[in-house]
A.B. asks: 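Here it is, the structure, as structure tokens.
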Amino acid sequence: MGRPADPDHLYVLDEDARPVGEGIPGELYVGGEGLARGYVNLPEKTAERFIPDPFAGADARMYRSGDRARMLPDGNLEIMGRIDFMVKVRGYSIELGAVEAAIEERLAVTNCVVVADGEEGTDKRLVAYLVPDPAGGARDGRLAGWGIDPATGHSAGARRALQDALPHYMIPAVYVEAEALPLQDATGKVDRENLPPPPARGAAEPDAPEEPALPADASRPEKEERLARIFERVLRLERGYVRPEDDFFEAGGHSLAAAELAGRVEDAFGVRLPTSGIVESPTVAGLLDAIEALGRGGARREAQGHDLLVEAALETGISPEGAADGVKRLGEAESVFLTGATGFLGAFLLDGLLSKTEAKVHCLVRRRPSGDPMSPLRDALKGYGLWNAEMSERLVPVTGDLSEPLLGLSEEAFEEQADEVDAVIHAGAMVNLIYPYSALKPANVDGTREVLRLACRRRAKPLHHVSTNGVFGRGRGLCEEDTDLDDLAGAQPDGYGRSKWVAEKLVMEAAGRGLPVSVYRPGNISGHSATGSSNPKDFLGAVISESARAGLAPKIDGWRMEMTPVDFVAGAILGLADYPGAPGKTFHLANPEPPLPSGSSAGSRASATTSNAPTTPTG
């Protein structure tokens, strides 16, 4: 946009109306003597948009534009989209401007716009309209020639280019090339109401009669043909679109669609394929290999090729530097390093650290397209009703990645963190019960190695490691806190449980080398006992909600609804972290008497306890 004509009265502010730093996006506000008096005959909109200017005189006002902007180092103002373009797709809140910013950074476009197509609760999708850059991306490394299928709007090239910049739910499913985007006459902004329609969804009929199961002697081409048709039916693609080498997820699949695919595979081929198998072999050809192996009676184990005891070997270089004598209790710490702060439990741990200690809290957060490292922390706390702008002054966002070496930090930044923090709380993990061990290892196992490296570097710092009672596997009965981990090797039925078992083994190895370590094993974490603030992605919460709506409860022999309020779990972890006798111990944080599904009202009143009493794992 160029340089502001009146820079003293042009502000880029965060969600709490505080100025942001140079290069950090925020909302654009405009003040000064030339400001309009308001909207004609629209008093409510005037009151909403024309607000007091706290940076000028007592009677001064400023205009809240709704534009997302940032000040560049050269003094120019950059408009990056609209703050108020927020949509929900399959339950995820998505800022369309952030998607557009990622596209402009990764794809060779001169302009783009992203919209949501469809209604929530149906097959809602993101559609990206792209205006190609005639010069291509040779000058700046952006991808050109991404290859869009005009019939479906799918682009494997564009999707792959965005995978490192956006979480899966923010990657558009459909792309449309255009010579130019329609503009509004009055404002010159993109006219989203007059964009050309995207390619129609496939003509598949989900309610059409199922085809009979294939005979056992069906040929490989017949099997490939049937599996490709199943892909198309689940993803609502035109017949003939899917080829043997096509990837289910690149074609628009997601975890819920993978569950449907697994069910249809069982109907057609007579084998029960775990959804983790789809993640491991997402192409038609690869998945058919897995189906045929199962059909021959071959075992397909998630951790095939992974010796968990070998995986749990901790390199000798990760050992405490200096004696562990005199380490600080949590209440004495001046700075705490926290992973997983944007997760459900992590947000309540962060709130507890800010409200119950005086420590600065260094929170590891992934890079976001918005460029503002504080925004994911603020959004997480606001989402659970925990945000307090006054306490945020002790929040220190640390941009990195749990799955990368040195947590995604430079050597210098890693050393700074190791030197400054007095304690480490490791609550970060990728939680997915269908992904195989190999997909979860980078975050859950390798990430734990790097956290241990941080805790050992410069001086020994107490590590508080959040594990899970899922390390015991299912059907074990009573599970004691002092159970030998080696006896549990491979007992976990899923990749998540295995990855957490390996991580816990690494932690205990570091403890054997002198690092002060406490391990916490929560069960299923339910909503806050007083406010009801809950994890929107929690399966058990969804079961309770739908059971209450239907007036029915699941009837599964032997199943109990183990759930422990998040405020109890977070409070117990922080309380034990301040207890001098905690290092070297493992604590189970779970309801010892989980109710039956038919007693869900009792379950909501169940009190959680922590003790040395054995517990029953929930996985």
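Throughout, residue positions are numbered sequentially from 1 according to the sequence presented.
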A.B. asks: Which residue pairs pass the side-chain hydrogen bond (donor to acceptor under 3.5 Å, both in side chains) test with at least one member in residues 500-512, sequence neighbours excluded?
C.D. replies: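 The answer is Ser467-Glu504, Asp486-Lys505, Glu504-Arg521, Glu509-Arg513.
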A.B. asks: Given 3.5 Å as the limit, does a donor-acceptor pair link the side chain of Arg394 with the main chain of Thr357, or not?
C.D. replies: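 Yes: the side chain of Arg394 pairs with the backbone of Thr357.
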A.B. asks: Salt bridge or not for Glu315 and Arg449, using N-O below 4.0 Å?
C.D. replies: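 Here Glu315 pairs with Arg449 in a salt bridge, since their nearest N and O are under 4.0 Å apart.
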A.B. asks: Any chance NZ of Lys382 has more than 12 other-residue heavy atoms, nucleotides or ligands included, within less than 6.0 Å?
C.D. replies: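 Counting other residues, nucleotides and ligands, NZ of Lys382 exceeds 12 neighbours.
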A.B. asks: Does the pair Glu415/Arg457 count as a salt bridge with the N-to-O cut at 4.0 Å?
C.D. replies: yes
A.B. asks: Verify whether one side chain among Ser529 and Asp567 offers a donor that lies under 3.5 Å from an acceptor in the other.
C.D. replies: yes
A.B. asks: Looking at every non-hydrogen atom in both residues, tell me the closest pair between Val421 and Arg459 and how far apart they are.
C.D. replies: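 Closest approach of Val421 to Arg459, heavy atoms only: O-NH2, 2.6 Å.
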A.B. asks: Ignoring hydrogens and geometry, is there a side-chain-to-backbone donor-acceptor pair from Lys356 to Leu354 under 3.5 Å?
C.D. replies: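 No.
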A.B. asks: Would you check if Ser526 and Val566 make a side-chain contact, meaning some heavy-atom pair closer than 4.5 Å?
C.D. replies: no
A.B. asks: To the nearest 0.5 Å, what is the distance between CG on Leu589 and CZ on Phe587?
C.D. replies: 8.5 Å
A.B. asks: Around atom CE of Met391, are there more than 12 heavy atoms of other residues, nucleotides or ligands at under 6.0 Å?
C.D. replies: yes
A.B. asks: Any side-chain heavy atom of Tyr496 within less than 4.5 Å of one from Val431?
C.D. replies: yes
A.B. asks: What's the shortest heavy-atom distance between Ala257 and Leu235, and which atoms?
C.D. replies: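 Heavy-atom minimum between the residues: CB-CD2, 4.5 Å.
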A.B. asks: Would you call Lys441 and Glu311 a salt bridge, using N to O less than 4.0 angstrom?
C.D. replies: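 Yes, charged N to carboxylate O under 4.0 Å.
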A.B. asks: When rounded to the nearest 0.5 angstrom, what distance separates OG1 in Thr342 from CZ in Arg366?
C.D. replies: 9.5 Å
A.B. asks: Could Arg458 and Glu321 be called an ion pair, given the rule that one side-chain N must be under 4.0 Å from one carboxylate O?
C.D. replies: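 Salt bridge absent between Arg458 and Glu321.
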A.B. asks: Measure across Ala443 and Met430 and return the closest heavy-atom pair with its distance rounded to 0.1 Å.
C.D. replies: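 In terms of heavy atoms, the two residues are closest at CB-CB, 4.1 Å.
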A.B. asks: Find out whether Phe472 and Glu480 are in side-chain contact, i.e. whether some heavy atom of one side chain is under 4.5 Å from a heavy atom of the other.
C.D. replies: no
A.B. asks: With a 6.0 Å cut-off on the ring centroids, do Phe344 and Tyr384 count as close?
C.D. replies: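 Ring centres of Tyr384 and Phe344 closer than 6.0 Å.
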A.B. asks: Taking the six-membered ring for Trp, are His426 and Tyr520 closer than 6.0 Å centroid to centroid?
C.D. replies: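 No.
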A.B. asks: Would you check if Leu350 and Val361 make a side-chain contact, meaning some heavy-atom pair closer than 4.5 Å?
C.D. replies: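 When only atoms from C-beta onward are counted, Val361 and Leu350 do touch, with a gap below 4.5 Å.
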A.B. asks: Quick one: does any side-chain atom of Glu450 pair with a main-chain N or O of Pro405 as donor and acceptor, under 3.5 Å?
C.D. replies: no
A.B. asks: For Pro583, give me all partners under side chain to side chain contact (heavy atoms under 4.5 Å, CB included), at least two apart in sequence or on another chain.
C.D. replies: Pro516, Ser518
